[in-house]
Trainee: 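Once you've had a glance at the structure underneath, I'll fire off some questions.
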Number of protein chains: 2
Amino acid sequence: MKPSHIPAPAIKRLSLYLRHLEACHARAEQTISSRQLGETLNLTDAQVRKDLAYFGPFGHPGIGYRVKDLIAQIRRILGTDRTWKVVLVGAGNLGRALAAYRGFVAKGFELVAVVDSDEAKIGQTLPGSDSLTVLPPSALPDLVEHDGVRMGILAVPAACAQQVADQMIAAGIKGILNFAPVMLNVPDDVGVAGVDLAVHLEQLSFRLRVASDEDAPDDS
Amino acid sequence: MKPSHIPAPAIKRLSLYLRHLEACHARAEQTISSRQLGETLNLTDAQVRKDLAYFGPFGHPGIGYRVKDLIAQIRRILGTDRTWKVVLVGAGNLGRALAAYRGFVAKGFELVAVVDSDEAKIGQTLPGSDSLTVLPPSALPDLVEHDGVRMGILAVPAACAQQVADQMIAAGIKGILNFAPVMLNVPDDVGVAGVDLAVHLEQLSFRLRVASDEDAPDDS
DNA sequence: CTATGTGAACAGCTTCACAGCG
DNA sequence: CGCTGTGAAGCTGTTCACATAG
């Protein structure tokens, strides 16, 4: 039986396993052991086995995991065995880049629309993307109801992020990938993942500061 | 005395505290209690106090924390009281957007150079940025030694990410913000923070899949 | 003999509860 | 009183060690 509660970090690692498994599959490898899968990602073999065992007995004692099967299983678990339609909200610098960035297109996500509240941008066609035209925010409800969009990427300035997020939620969007450096307030049934560049850079800064210098360590 | 080991999650929250404190400062608020600071970020007051107390007794019993002072302290802890010079490596879609994106410029980081190995891109001037010209990878050692660059943002295709990271490390870069969907192999004295869009989207996908209970619950 | 799946031991992070200070 | 700083308790996630299967 599966545990009712699965650690959040385990879900994150599932994505990493999938990434590596896809690389193995491309190299035509048939099976992989928990040890092999773990050492690429600096994890113990026990960690890998436990993560996978949360979801089912996918392995074969004495053999390991069949790469092809495990890919299919993890995709099913993560929900990327289907394709999720995604709307990009915000056509500023960051938004335009994300529209042109194809890194996630082949991985179960499809960018089907771009929305911006700036009158001047509405109607523009974004270069690099599949000729996506910038739509007004009023198009959001239709995208959800008619086009089956469930997820949105939020790439607007911090000052209006919460307000725009509210519009997205009101339209029926259930998952938001937030690039604005603010903590979004959302209902329980809406998922938020935050990507804050400043936070990441600050983490690095902290590591470098303690590693390299100690001219002014601090107090006493 | 301060504990020799500080939990990594605490460092991450420090960035979030800083973000909120800056907002408070902009609203001319003088002091803030651990409870107030915590409830904006969905954290307990004890959590906030413990995080801050790892680094020193910044609070004042009966009053709380002085916003201005705490901002200065956290900046000092994170190392963003100085400005870090950053090089962007990779002038593709994502790289160009990051160059134009000003979200982190005012927060202690300054983009001073852009590097790409594509001959066709070298010499180009990126729009939106401060007239940065794309340099060849051979410029990296000079940027580190002469210009004081310590950190790099890696925005190149997955296939060459490790190789390019090795060049950066060889040049003396000590912190890498990695946008490529691969696990980088680096020495202990180099810090890596990864931003993987596919991983984040997959986390959302998982949440949505389980939230919207469905047709094929799982295995047997 | 190899490699999985898993209860038990362990470690690390968070919350609690209270002493102490303004 | 209000609020911080902090040992102690509690909980969650990771590692260990072994039974089990091929």
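Letters A, B, ... are given to chains in the order of the sequence lines, protein chains preceding strands, and every chain is numbered from 1.
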Trainee: Specify the separation, in whole Å, of atom CG of Leu43(A) and atom C1' of dC16(D).
Mentor: 16 Å

Trainee: Do the side-chain N or O atoms of Tyr65(A) get closer than 4.0 angstrom to the phosphate oxygens (OP1, OP2) of dT2(C)?
Mentor: no

Trainee: Please determine if Glu22(A) and Arg75(A) form a salt bridge, counting it only when a charged side-chain N lies under 4.0 Å from a carboxylate O.
Mentor: yes

Trainee: Can you tell me how far C1' of dA17(D) sits from CZ of Arg35(A), to the nearest Å?
Mentor: 14 Å

Trainee: Could you list all the side chain to side chain donor-acceptor pair (under 3.5 Å) pairs where at least one residue sits in residues 158-176 of chain A, not counting sequence neighbours?
Mentor: Gln162(A)-Asp166(A), Lys174(A)-Asp189(A)

Trainee: Quick one: Ile63(A) CD1 to dG5(C) P, roughly how many Å, whole number?
Mentor: 12 Å

Trainee: Regarding Asp51(B) and Arg13(B), does a basic nitrogen lie under 4.0 Å from an acidic carboxylate oxygen?
Mentor: yes

Trainee: If you check every side-chain atom of Pro61(B), which of dG5(D), dC21(C), dG5(C) has the closest atom?
Mentor: dC21(C)

Trainee: Roughly, in whole Å, what's the span from CG in Leu37(A) to P in dT2(C)?
Mentor: 20 Å

Trainee: Could you state the CG-C1' distance from Leu52(A) to dT6(C), rounded to the nearest angstrom?
Mentor: 14 Å

Trainee: Of Ile32(B) and Ala46(A), whose closest DNA chain D nucleotide lies nearer the 5' terminus?
Mentor: Ile32(B)

Trainee: Inspect the contact between Glu29(B) and Arg66(B) and indicate whether a charged nitrogen and a carboxylate oxygen are less than 4.0 angstrom apart.
Mentor: no

Trainee: Is Val115(A) close to Leu88(A) at the side-chain level, that is, under 4.5 Å between some pair of heavy atoms?
Mentor: no

Trainee: Take Gln203(A) and Ser15(B) through the test side chain to side chain donor-acceptor pair (under 3.5 Å) and record every step on the way to the result.
Mentor: CA-CA 8 Å; Gln203(A) 303 304 301; Ser15(B) 289; 3.1 Å; yes

Trainee: Taking only side-chain nitrogens and oxygens of Ser33(B), does any of them come within less than 4.0 Å of OP1 or OP2 of dC3(D)?
Mentor: no

Trainee: Does OP1 or OP2 of dC3(D) have a side-chain N or O of Ser34(B) closer than 4.0 Å?
Mentor: no

Trainee: Using whole Å, what does the distance between atom P of nucleotide dC18(D) and atom CG of Asp45(A) come to?
Mentor: 15 Å

Trainee: Do nucleotides 8-14 of chain D as a string where each nucleotide becomes B, S or -: B if the base has a protein heavy atom under 4.0 Å, S if just the sugar-phosphate does, - if no protein is that close.
Mentor: B----SS

Trainee: Could you tell me whether Gly62(A) contacts a base, only the sugar-phosphate backbone, or nothing, with contacts defined as non-hydrogen atoms closer than 4.0 Å?
Mentor: base

Trainee: Are Thr83(A) and Glu110(A) linked by a side-chain donor-acceptor pair shorter than 3.5 Å?
Mentor: no

Trainee: Specify the separation, in whole Å, of atom NE2 of His60(B) and atom P of dC3(D).
Mentor: 14 Å

Trainee: Take atom CG of Leu70(A) and atom C1' of dT4(C), then tell me their distance rounded to the nearest Å.
Mentor: 13 Å

